[in-house]
Amino acid sequence: MSSAPAVRLKSAARLGVLAGLALLAAAPRPAQAQTEFRVNGVVSDTAGAALSGAMVVVLARPDSVLTTFTTTNGEGVFVLGNLLSGEYILQVTLIGHATIRQDLTVAGEHVNVGALRMEVMAVEMDPLVITLDHVPFLNRRDTLGYNALAFQTRPNATVEDLLRQLPGIEVETDGTITAQGEDVENVLVDGREFFGGDPKIATQNLPADAVERVQVYDKESDMAEFTGIADGEEERTINLELKEEARTGYFGRMSGGLGADVQGTAVSPGFGESVAARLPARGESGAFRSGIPYAGALTLNRFSSTTQLALIGSGNNVNQAGFGWGDVLSFAGGGRGGGDFGGGGDDGLIETLGLGLNGSHDFGTDNWVRTSYFLSMLDNFQNETRRQEQLLGTDASSLVDRATRTQTDNASHRVNLNSQFTFSEGHDLRLRGNLNARNSLLDRVDFQDTRSGAGQFLTTAATDYDVDSNSLGGDARLTWRKRLNDNGRSLVAEARVNLSDSDSFTDLTSTIEGDPGNPRAQRGDLFQEQTNIGQTLTHSLRLSMTQPVGRGVLEVYGERSATDENEDQSVFDIFADGRTRNALLSSGFERTYSYLRGGFRFNRTSDAGRLVLGLRVQGSNLNGTIVDRDEEIANGYTHVLPNAEYRLQLTDTRTLNFRYTTSTREPRMTDLQPFVDNRDPLRIRMGNPDLEPEYTHRLRTEYRFFDTFSFVNLFTYANVSFTGNDISQSRMVTPRGVQTIAPVNLGNAWSASGGANFGTPLRFMGGQVDLNYRLSYSSSTEFVNQAQNRNQTLSHTVGVELENRAKEDFDVRGGAKLSFSDVRYSLNEELNEGYLNSTLYARGDVYLGPWTLGTEFTYSLYDQDLFGPGRNVALWEASLRRLIFNDRAEIRLVAFDVLGQNQGVTYTNSPGFIQERRVESLTQYVMLNFTWYLGSRSMAGGGGGGRGGGRFRG
């Protein structure tokens with residue numbers, strides 16, 4: 001282990017700053033002063049009656065590039081500005097009328113084209129008409145819209161493939177979506193919920209060619225929708241607006257594939273072989289439990305203007321879930337890594353089975369019901385190694401090699417309901433409900449060696465634990481609104497309840513020993529049975545009154561809520577002659593958090609923007625009991641929580657948003673309870689009943705720009721948060737490296753993040769380039785052996801992607817992504833590190849009549865100076881597709897991981913360590929897949945798009 005040279009740290013920081021400046025320099029700016037002119041006129045029918053809403057477009061000669069556009073007002077008048085001298089085409093369109101196209105010359109003066117008369121016709125507009133259908137963005141105050149017709153996709157692409165093309169939207173390998181830097185929590189279909197709150201079901205199962213527009217916005221809560229005033233509970237949401245063809249008849253597909261495991265064994269995680277060798281034999285052959293790779297899926301959708309019906313089923317052992325499995329794995333205790341770089345994901349080897357039903361029906365404008373059921377079964381195997389550099393004190397550090405083998409079997413049932421009933425105009429009732437049941441079996445074997453920073457052997461630990469856990473939970477929300485008079489005064493009430501019940505049974509075996517060469521080294525053996533039973537009940541009632549005030553709306557409200565929790569942990573030590581209850585580790589805890597809140601919010605909305613100002617006073621009280629210890633915990637706090645939001649529509653193409661919020665976070669029950677968690681024998685955790693709540697300020701800004709004429713786009717965001725009374729951790733470290741960790745309140749913590757995405761066509765080469773930059777910074781404090789350590793992490797991520805725009809014959813794209821991280825510790829500056837990871841990728845499809853030849857290559861490079869030389873990861877996939885039976889079916893031959901190098905790699909920073917994690921991943925196989933498309937195929941808008949689809953063409 002060696003610290004990164006100062007020169008390399010400075011270079012990384014300098015490159016990050018230069019990248020940010022480059023993006024700012026590339027942002028649109030006014031051109032040098034040139035004389036601009038106006039074109040005006042009047043549009044009417046043949047009888048002379050004014051036509052409102054006619055689209056007036058100016059196209060530049062000779063290549064018909066869209067230059068400017070507008071629509072006629074109520075008197076049929078239009079005015080087009082910002083035109084330079086030159087030759088143009090003037091085009092006027094209106095549904096049901098014949099298109100007008102005529103030459104237009106701007107020669108150093110304003111132009112009045114006079115009266116333009118449109119003839120009524122019974123046929124639709126001819127295909128040469130240029131309309132806004134091919135303008136890729138629509139920016140309106142709180143909603144960013146993408147025109148799916150302007151982003152070509154391959155014939156069998158999913159919505160997830162489409163989203164990967166949209167500037168400002170990122171889709172990770174596990175299907176997680178972020179939009180303008182925030183996690184997407186909901187995906188709606190025509191404004192309706194689709195399979196409850198799992199966004200991946202919609203994005204990974206619906207076809208891209210069924211979507212006409214994609215909208216990104218912050219969806220307000222039910223209470224905010226009824227009051228008309230934002231309450232801070234917004235969720236970043238994507239709405240998929242379907243094509244009209246997708247709302248008639250049915251569509252879907254069924255597919256099946258079988259393959260062969262080429263290599264016969266999975267790739268070794270890569271390092272820590274001496275530790276990994278101590279793991280027991282796996283008992284399985286190759287990467288596929290059944291011996292061969294397989295995949296099968298069925299999706300069937302029947303949508304109309306009032307009804308949505310969907311059936312989804314899938315089963316495979318090639319890591320394709322088609323639904324969100326993260327919550328299932330986290331419940332099982334399997335854990336998942338995250339990160340921007342990896343050969344092919346860090347989920348290990350996964351076999352899944354899923355079945356879902358979704359139904360939605362509108363009984364009128366304001367009466368509807370949405371419901372769904374989903375069954376998921378998931379088996380996950382992870383064989384991983386980790387290497388950590390840990391901070392242990394002012395002059396102490398350790399290097400940890402760890403090997404873990406984990407097998408989980410999970411099953412879950414989920415039911416969702418969302419309905420609304422309208423008694424009369426302004427009198428509504430909305431009910432939401434969710435119910436879920438889960439079961440998980442986990443078997444984990446873990447070996448860990450710890451050495452000092454100087455290489456001296458400290459400890460070794462072997463741990464084996466089996467967990468059988470169950471969980472049953474549900475929540476309901478009832479929201480009622482009654483308009484009291486015609487001027488808009490309303491009364492809104494909401495009741496919520498949330499109940500969860502869980503239990504787990506654990507068999508734990510662990511052994512810790514010191515240097516085997518030292519006969520006096522201590523050895524500890526542990527054999528235990530642990531039982532955890534917990535219940536949580538949360539209920540609240542909120543009442544508010546809204547009243548129009550001038551040009552705005554004022555809301556005054558009050559709320560009472562309470563959370564009742566209890567948890568019991570029983571630990572028994574196992575001996576040869578029986579078992580004995582461990583009184584030190586066994587305990588129970590009960591607590592009740594109650595809240596009284598009151599405040600006001602004022603909202604003013606206009607065409608130019610929206611302003612929301614609010615103030616809330618919150619009183620909280622904690623009453624807790626440590627069972628069997630005769631200890632009581634009681635405290636109370638009062639907080640003042642202001643909030644503000646300002647959204648400004650600068651122009652039709654420029655939007656600026658500001659949001660300031662404050663919040664408190666009470667300690668979790670696991671933070672308060674004095675239980676000892678010894679499942680990791682070298683990192684023992686326990687709670688702290690004296691914790692106090694955090695208080696956090698957050699500020700977020702967004703700026704969006706899209707030039708409708710040049711197709712240049714720029715999306716930026718910035719977040720800053722400050723947390724007082726931060727709940728951090730205190731670590732007590734023994735000379736052998738055994739740590740006891742407890743949460744404590746420590747000073748203040750800062751974090752900041754920002755990003756920019758800039759895209760522009762490169763017409764001189766027929767291409768499109770996208771540049772993106774991400775910056776994140778965090779600063780927090782911890783105690784190590786009662787000494788304060790300030791941890792600061794700064795990271796820059798720079799990406800560039802280039803692709804062709806004309807995709808009739810081929811679709812190619814390639815790019816690079818570089819991430820620079822700088823980690824600093826105030827307690828031990830010798831451990832400061834700077835490292836660079838990067839990814840290079842290229843994708844391409846070539847269309848040869850009914851045949852498509854595709855390939856995808858990703859090369860991930862990891863810093864060799866951080867943990868010593870390590871293998872980089874190259875992932876190559878190739879495919880050959882052919883559409884048959886008049887494009888109603890497809891045969892596809894896939895070769896996955898041609899080079900046999902696939903591996904999941906994740907880098908993690910924390911206040912106490914830097915870690916590299918490598919996971920055995922799905923590797924070489926070939927598969928022959930057959931897909932039959934059900935129902936209408938007339939929705940295909942992608943046609944000859946590429947593997948990941950193509951960008952828009954301007």
Query - Donor-acceptor pair, side chain of S728 and main chain of T781, under 3.5 angstrom - result: yes

Query - Min side-chain heavy-atom separation Y777-Q792 under 4.5 Å - result: yes

Query - Test side-chain contact (heavy atoms from CB on, under 4.5 Å) applied to D475 and R477, step by step - result: CA-CA 7 Å; D475 63 85; R477 180 188 307 177; 5.9 Å; no

Query raised in the report: Between the side chain of E694 and the main-chain N/O of I727, is any donor-acceptor distance below 3.5 Å?
Result: yes

Query raised in the report: Cation over ring, R451 on F457, under 6.0 Å and within 45°?
Result: no

Query raised in the report: Do N532 and D503 come within less than 4.5 Å of each other through their side chains, counting heavy atoms only?
Result: no

Report task. Start with the C-alpha gap between N909 and T793, add the side-chain angles, then the distance that decides, and say whether side-chain hydrogen bond (donor to acceptor under 3.5 Å, both in side chains) holds. Result -> CA-CA 8 Å; N909 299 322; T793 302; 4.9 Å; no

Query raised in the report: So, for P667 and L691, which heavy atoms are closest and what is the spacing to 0.1 Å?
Result: CG-CB, 3.6 Å

Query raised in the report: For the residue pair N410 and S440, what are the closest heavy atoms and their distance?
Result: OD1-OG, 3.0 Å

Report task. Show the numbers, then the answer: is there a salt bridge (charged side-chain N to carboxylate O under 4.0 Å, His left out) between E829 and R824? Result -> CA-CA 7 Å; E829 296 184 355; R824 297 183 177 273; over 6 Å; no

Query raised in the report: Going through the distances and angles, do S663 and T661 end up as a side-chain contact (heavy atoms from CB on, under 4.5 Å)?
Result: CA-CA 7 Å; S663 63; T661 60; over 6 Å; no

Query raised in the report: Would a distance-only check, ignoring hydrogens and angles, find a side-chain to backbone donor-acceptor pair under 3.5 Å from N745 to E692?
Result: yes

Query raised in the report: Does a side-chain heavy-atom distance below 4.5 Å link R616 with N643?
Result: no

Report summary line: On a heavy-atom basis, the closest approach of N688 and P743 is ND2-O, 3.0 Å

Report task. Begin with the C-alpha distance, continue with both residues' side-chain angles, and end with the deciding distance and a verdict on side-chain contact (heavy atoms from CB on, under 4.5 Å) for V905 and E916. Result -> CA-CA 7 Å; V905 182; E916 181 185 38; 4.1 Å; yes

Query - Any donor-acceptor N/O pair, N789 side chain to L827 backbone, under 3.5 Å - result: yes

Query - Near-ring test Y907/Y835, centroid separation under 6.0 angstrom - result: yes

Report task. Report the residue from V497, D501, T563, N498 that forms a side chain to side chain contact (heavy atoms under 4.5 Å, CB included) with L537. Result -> V497

**Report entry** Any donor-acceptor pair under 3.5 Å from Q569 side chain to L585 backbone
**Finding:** yes

Requested in this report: Would you please say whether a donor-acceptor pair under 3.5 Å links the side chains of S795 and S821?
Outcome: no

Query raised in the report: Are the side chain of N725 and the backbone of P693 linked by a donor-acceptor contact shorter than 3.5 Å?
Result: yes

Query raised in the report: Is the closest side-chain heavy-atom distance between Y595 and Q618 below 4.5 Å?
Result: yes

Query raised in the report: Do L622 and R591 have side chains that get closer than 4.5 Å, going by heavy atoms?
Result: yes

Query raised in the report: Taking it one step at a time, do E185 and R236 satisfy salt bridge (charged side-chain N to carboxylate O under 4.0 Å, His left out)?
Result: CA-CA 6 Å; E185 301 181 64; R236 184 56 53 98; over 6 Å; no

Query - Any side-chain heavy-atom pair of M686 and T740 under 4.5 Å - result: yes

Query raised in the report: Would you say the side-chain atoms of S910 pair up with the backbone N or O of G912, donor to acceptor, closer than 3.5 Å?
Result: yes

Query raised in the report: Which is it for S397 and Q390 under the side-chain contact (heavy atoms from CB on, under 4.5 Å) test, yes or no, and what are the steps along the way?
Result: CA-CA 6 Å; S397 65; Q390 293 189 350; over 6 Å; no

Requested in this report: Check for a donor-acceptor pair, side chain of S921 on one end and backbone N or O of V919 on the other, with a separation under 3.5 Å.
Outcome: yes

Report task. Answer yes or no: is there a side-chain heavy-atom contact under 4.5 Å between D379 and I350? Result -> no

Report task. State whether the side chain of R731 and the backbone N or O of L391 hold a donor-acceptor pair below 3.5 Å, judged by distance alone. Result -> yes

Requested in this report: Test T592 against every option in T625, N623, D564 by the side chain to side chain donor-acceptor pair (under 3.5 Å) rule and name the one that passes.
Outcome: D564

Requested in this report: Using the ring of Y862 (Phe, Tyr or Trp, six-membered ring only), decide whether R918 places NZ or CZ under 6.0 Å from its centre and within 45 degrees of its axis.
Outcome: yes

Query - No-hydrogen, no-angle side-chain donor-acceptor test under 3.5 Å, R700 and N719 - result: yes

Requested in this report: Over all heavy atoms of both residues, which pair between Y695 and H639 is shortest? Give the atoms and the distance, please.
Outcome: CD1-CD2, 3.6 Å

Query - Test item: S586 side-chain N/O and V571 main-chain N/O as donor-acceptor pair under 3.5 Å - result: yes

Query - 4.5 Å side-chain heavy-atom contact, Q788 and F783 - result: yes

Query raised in the report: For E833 and D822, which heavy atoms make the closest approach, and how far apart are they?
Result: O-OD1, 3.2 Å

Query raised in the report: Does any donor atom in the side chain of D525 or T511 lie under 3.5 Å from an acceptor atom in the other side chain?
Result: yes

